[in-house]
There are 2 protein chains.
Amino acid sequence: MQMGEGVEWALHSCLNLGWNEGEAATAARLAAFYDLPAAYLNKQLQALARAGILTSAPGPRGGFRLGRPLEKITLLDVVVAIEGAEDAFRCRQILKDGPGGSTEVDYRETCVLNGAMRRAELAWRRELAAQTLAEIRDTVERTFPGTPEHTRERLSTLRR
Amino acid sequence: MQMGEGVEWALHSCLNLGWNEGEAATAARLAAFYDLPAAYLNKQLQALARAGILTSAPGPRGGFRLGRPLEKITLLDVVVAIEGAEDAFRCRQILKDGPGGSTEVDYRETCVLNGAMRRAELAWRRELAAQTLAEIRDTVERTFPGTPEHTRERLSTLRR
DNA sequence: GCTCCCATACTCGGATAATAACTGTCCGAGTATGGAAGG
DNA sequence: CCTTCCATACTCGGACAGTTATTATCCGAGTATGGGAGC
């Protein structure tokens, strides 16, 4: 059970876009920032755009920019955009084939194990939803004050 | 990010073993209980045995039985035994290749994003660790009182 | 000098391969069984 | 009848394929640009 690494790329890219002062950045530049495969990062950014987290524009001067301020983007938003909304634990309702199992009952409702697993995942999602990227950004700026300038500098110089 | 379905099989199998009153059950019977592929379930049960959750015995009268009472088996124990102990979100330390990145710094410690993601996973693990299989069993027995008898009945009649 | 137009270079977007993880299967090493042989 | 031994059937355990999901790459549709022609 491993999360795709696109999540990490997407999160860092969103922060970098936040430090870019509303300027658009191409997938190529955002990828060069961390030496990542550009075409693949582009795929992840497309997912963020479909979710409304980013907006995209083609052609010269195009690229990606934030679809809304970092205050309104949570970690959960990004994770769901990249990984999908379905739970990690998926109840296959094997109780259907157990003793007294009925094909008409929805065991996702009645299975006690599924309920406990879902409760744990909800706790995870609650934590993710409680953290906005703005809070992350503020913490980073408090710890490493030079980050905004360095980021903007690098984004404007990479790949011309 | 999906959890292997072996987790669901393992959890239900542990409960069934709990209702089997200390008797050993073979992988074939535990698999026939839910019409699962026997050889593959065997693989999962082996993982549980390596983790000490089950004990295994070869030969006639052999099979698997609980390594300790359900009171001492948590959902987290089973999940870790099947899926491994590593976090779902793995920080690849892409900050190493960012501006001012050093190859000597361990960014799993300093990366704010990684910290937030880890905190969320810890909440998930805490929930899983707080639920013992004994509690699950008790809830099932309260809701479906015939379960212990039905389970034991089926385990002893399946496959001979 | 100013406006309009078009060739150009650039970007996203989705379709297409390569790789790794998960799922499923098979056969061998080892063991308790249970019956037969011997005392 | 009781004990001993051995052939047997059964079990786990790990090694071996098939299938799905993840990672990586490529090329086309569409757009703002910027220079040149025309007024």
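So that the names make sense, note that chain A is the first sequence line, chain B the second, and so on, each numbered from 1. What you see below is based on every heavy atom in this structure, not just the backbone, and it leaves out hydrogens, waters and symmetry mates.
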Tell me: [atom1] of [X] to [atom2] of [N], nearest whole Å?
X	N	atom1	atom2	answer
A:Leu41	D:dT25	CG	P	12 Å
B:Leu54	D:dT11	CG	P	17 Å
A:Leu45	D:dA24	CG	C1'	15 Å
B:Gln44	D:dC12	CD	P	14 Å
A:Tyr40	D:dC27	OH	P	20 Å
B:Arg29	D:dT11	CZ	P	7 Å
A:Arg65	C:dT11	CZ	P	13 Å

So do [Y] and [X] actually touch side chain to side chain, heavy atoms under 4.5 Å?
X	Y	result
A:Glu8	B:Leu113	no
B:Thr132	B:Lys72	no
B:Leu15	B:Thr147	no
B:Met3	A:Arg90	no

Taking only nitrogen or oxygen atoms into account, show me every contact under 3.5 Å that the protein makes with nucleotides 14-16 of chain C, one pair per line with its distance.
unit_1, atom_1, unit_2, atom_2, d
C:dG14, OP2, A:Gln46, OE1, 3.2
C:dG14, OP2, A:Arg50, NH1, 3.2

Do [X] and [Y] have side-chain atoms, one donor and one acceptor, less than 3.5 Å apart?
X	Y	answer
B:Ser13	B:Asn16	no
A:Glu141	A:Trp19	yes
A:Arg152	A:Asn20	yes

Exercise. Any idea which heavy atoms bring B:Ile82 and B:Gly6 closest together, and the distance?
Worked result: CG2-C, 4.2 Å
For this session: Search all heavy atoms of A:Leu17 against all heavy atoms of A:Glu23 and return the closest pair with its distance.
Result: CD2-O, 4.4 Å
Problem set entry | Spacing of CG belonging to B:Asp77 relative to CG belonging to B:Leu48, to within rounding of 0.5 Å | 10.0 Å
Exercise. Taking for each residue the nucleotide of DNA chain C bearing the nearest heavy atom, is the 5' side occupied by A:Ala27 or by A:Gln2?
Worked result: A:Ala27
Seminar exercise, completed: What residues 5-14 of chain A contributes to the DNA chain D interface at heavy-atom separation below 4.0 Å is A:Glu5, A:Trp9
Problem set entry | B:Ser56 vs D:dG13: side-chain N/O to OP1/OP2 distance below 4.0 Å | yes
For this session: Select one nucleotide: of D:dT11, C:dG24, D:dT25, the one nearest the side-chain heavy atoms of B:Thr26.
Result: D:dT11
Grab the N/O contacts between the protein and nucleotides 30-35 of chain D below 3.5 Å, and write none if there aren't any.
none

For this session: Assign A:Met3 to base, sugar-phosphate, or nothing according to its heavy-atom contacts below 4.0 angstrom with the strands shown.
Result: nothing
Problem set entry | B:Leu122-A:Leu76 co-clustered via ILVMFWY side chain contacts under 4.5 Å | no
